[in-house]
**Q** 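Before anything else, here's the structure in question.
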Amino acid sequence: MRHLARLLFIVFTVYRYGLDELALSNFRQRWVRNLVRLGTLGRRLDAPRGERLRQALERLGPIFVKFGQVLSTRRDLIPPDIADELAQLQDNVPPFAAALARQMIEKAYGRSIEDVFATFEAEPVASASIAQVHFATLKDGREVAVKVLRPNMLAVIDDDLSLMRTLALWVERLSADGKRLRPREVVAEFDNYLHDELDLVREAANAAQLRRNMAGLNLVMLPEMHWELCTQTVIVMERMHGVPISQTQRLRDAGVDIPKLARDGVTIFFTQVFRDGFFHADMHPGNIQVSLAPATFGQYIALDFGIVGTLTEFDKEYLAQNFIAFFRRDYKRVAELHVESGWVPSNTRVDELEGAIRAVCEPHFDRPLKDISLGQVLLRLFQTSRRFNVEIQPQLVLLQKTLLNVEGLGRQLDPELDLWNTAKPFLERWMNDQVGWRGLISRLKNEAPRYVQLLPELPRLLHQSLQPKPASDQRTLEALLAEQRRTNRLLQAIVYAGLGFLIGVLVVQWFMHVGYR
């Protein structure tokens with residue numbers, strides 16, 4: 001019944017704000033146009049369509065607001081008036097009352113705001129779907145930003161996710177593509193990330209990890225957390241001063257190199273994904289600023305770390321090989337990787353899959369970003385995936401979403417940005433570090449301490465393996481001699497391998513002392 005009530009509310013909201021008319025307006029069939037006319041009877045839809053869509057998403061709750069945030073960056077897929085309106089969802093969601101924010105802060109700390117902060121601005125500086133931010137000053141004079149979780153968020157999100165799980169189950173049962181798309185696993189992945197975002201301590205920990213990872217890159221700044229003031233519902237962080245990345249003209253007037261800024265964004269993204277396997281997964285323009293301070297001029301400022309993505313070593317290597325194969329237009333290798341990873345059935349003909357991928361991707365190379373419609377590419381790839389029964393990988397959903405965000409940012413900053421040529425050198429260097437001599441030395445350094453402890457046990461293990469079998473085992477002399485010969489060969493192989501490994505360990509230890517160059 002709760003699902004039914006929520007579904008009825010969604011239908012009512014769609015009808016109230018005229019989203020049905022918006023969705024069906026592009027259909028040319030006469031019966032569809034008549035249905036639209038009939039549906040508008042008795043309704044006044046005076047507000048612009050973008051405003052109505054934004055208001056509907058705000059009314060439907062945080063999950064729908066997040067959908068609008070992602071959609072606002074895709075100006076190649078939606079009209080400008082709708083994109084401009086949805087952009088307000090990035091950091092301009094209606095805030096909750098200042099008195100309620102104050103109450104939540106005092107409840108989290110068990111004392112009054114005046115005992116914690118020297119000053120506190122009741123008017124929020126930013127308000128999003130999950131939380132809102134207030135500026136304050138600590139007793140020692142340091143400027144901070146205070147992030148407060150929206151009240152009663154857990155119940156709202158749980159209701160929507162429960163409905164989504166039910167719908168996903170029906171999609172799997174009723175749709176021919178349902179099993180391949182794995183909607184229940186995708187919803188489960190989304191569930192984990194949303195619940196993680198409701199724990200602000202986890203967000204603070206994400207920020208600290210990203211700050212350490214990015215410390216030597218000198219391309220992006222992240223705020224320092226004040227851990228003594230961080231709780232599950234309230235966190236306090238260093239206040240960052242920057243210009244929102246969406247204010248492109250203001251950045252140009254200040255002298256920021258916009259094309260370089262676009263390239264740096266691609267570098268940051270691929271560094272987080274392939275070097276660290278830990279990336280900011282909510283990179284819409286509302287969470288990104290640019291520093292104009294002399295010491296950090298032109299550097300990115302990242303905010304809001306509630307959603308991060310992680311990748312295993314297998315995922316990173318597989319994705320990097322796919323990207324590089326795409327950059328080299330080696331579509332056969334892309335097809336082989338899909339088969340090797342199990343993403344397509346093992347009996348798939350590689351040559352057929354190769355031809356299908358070539359037909360989708362080849363027309364889009366050597367063109368500036370402004371001339372490439374990723375929406376069309378994704379649509380064609382989806383059609384191809386249906387033909388070859390490609391299974392959707394839920395662990396990569398966040399990566400796909402973030403890649404769309406990065407492309408949207410690149411499009412806004414520099415329509416001439418060549419995303420492929422910008423990323424290709426980085427990925428090739430990364431692969432060389434992984435599979436070349438540097439990667440070998442790095443892995444040997446990491447494994448050397450463990451194997452050094454195992455080496456002294458090797459003689460005892462060999463002795464145990466060469467002990468004679470019990471006399472009750474009735475075998476012929478010929479069989480015993482054959483087994484002895486095999487044992488001798490095995491012993492020689494183990495001894496040679498042990499000596500080779502010992503030499504390798506000594507080399508690694510030497511590198512650890514003198515340093516690798």
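In what follows, every heavy atom counts, from backbone to side chain, and hydrogens, waters and symmetry copies are set aside.
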**Q** Indicate yes or no: does Glu85 engage Arg49 in a salt bridge with an N to O separation below 4.0 Å.
**A**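 So Glu85 does not pair with Arg49 through a salt bridge.
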
**Q** How about Val144 and Thr137: do any of their side-chain heavy atoms sit closer than 4.5 Å?
**A**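 Result no, sub-4.5 Å side-chain heavy-atom pair not found.
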
**Q** Compare all side-chain heavy atoms of Val148 with those of Val146 and state whether any distance is below 4.5 angstrom.
**A**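 Heavy-atom side-chain distance check passes, below 4.5 Å.
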
**Q** Below 30° counts as parallel, above 60° as perpendicular, anything between as tilted: where do the rings of His134 and Phe120 land?
**A**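 Aromatic pair His134/Phe120 classed parallel.
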
**Q** Give the minimum heavy-atom separation between Leu261 and Gly298, together with the two atoms involved.
**A**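 Heavy-atom minimum between the residues: CD1-O, 3.5 Å.
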
**Q** Tell me whether Glu114 is salt-bridged to Arg102, with the criterion being a basic N under 4.0 Å from an acidic carboxylate O.
**A**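 A salt bridge links Glu114 with Arg102.
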
**Q** What pairs with Arg59 under salt bridge (Lys or Arg N to Asp or Glu O under 4.0 Å), at least two apart in sequence or on another chain?
**A**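 With sequence neighbours excluded, Arg59 shows a salt bridge (Lys or Arg N to Asp or Glu O under 4.0 Å) to no residue whatsoever.
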
**Q** Is there a side-chain contact between Ile301 and Ile288 (heavy atoms, below 4.5 Å)?
**A**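 In short, these two side chains do not touch, never coming nearer than 4.5 Å.
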
**Q** Any sub-3.5 Å donor-acceptor pair from Gln272's side-chain atoms to His280's backbone N or O?
**A**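 Present.
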
**Q** List the atom pairs, with distances to 0.1 Å, where a side-chain N or O of residues 250-258 and a protein N or O form a donor-acceptor pair under 3.5 Å, not counting sequence neighbours.
**A**
unit_1	atom_1	unit_2	atom_2	d
Arg250	NH1	Gln247	OE1	3.1
Asp253	OD1	Gln249	NE2	3.0
Asp257	OD1	Lys260	N	3.3

**Q** Side-chain donor-acceptor contacts of residues 232-241 below 3.5 Å, not counting sequence neighbours, with atom names and distances?
**A**
unit_1	atom_1	unit_2	atom_2	d
Glu238	OE1	Glu224	N	3.1
His241	NE2	Glu143	OE1	2.9

**Q** How far apart are the closest heavy atoms of Ile245 and Tyr300, and which atoms are they?
**A**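 Distance-wise, the nearest heavy atoms are CD1-CE2, 3.4 Å.
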
**Q** Could you check whether Arg263 pairs with Asp414 (Lys NZ or Arg NE/NH1/NH2 to Asp/Glu carboxylate O, under 4.0 Å)?
**A**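 No.
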
**Q** Tell me, yes or no, whether the heavy-atom count around Asn152 atom CG, taken from other residues, nucleotides or ligands under 6.0 Å, exceeds 12.
**A**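 No.
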
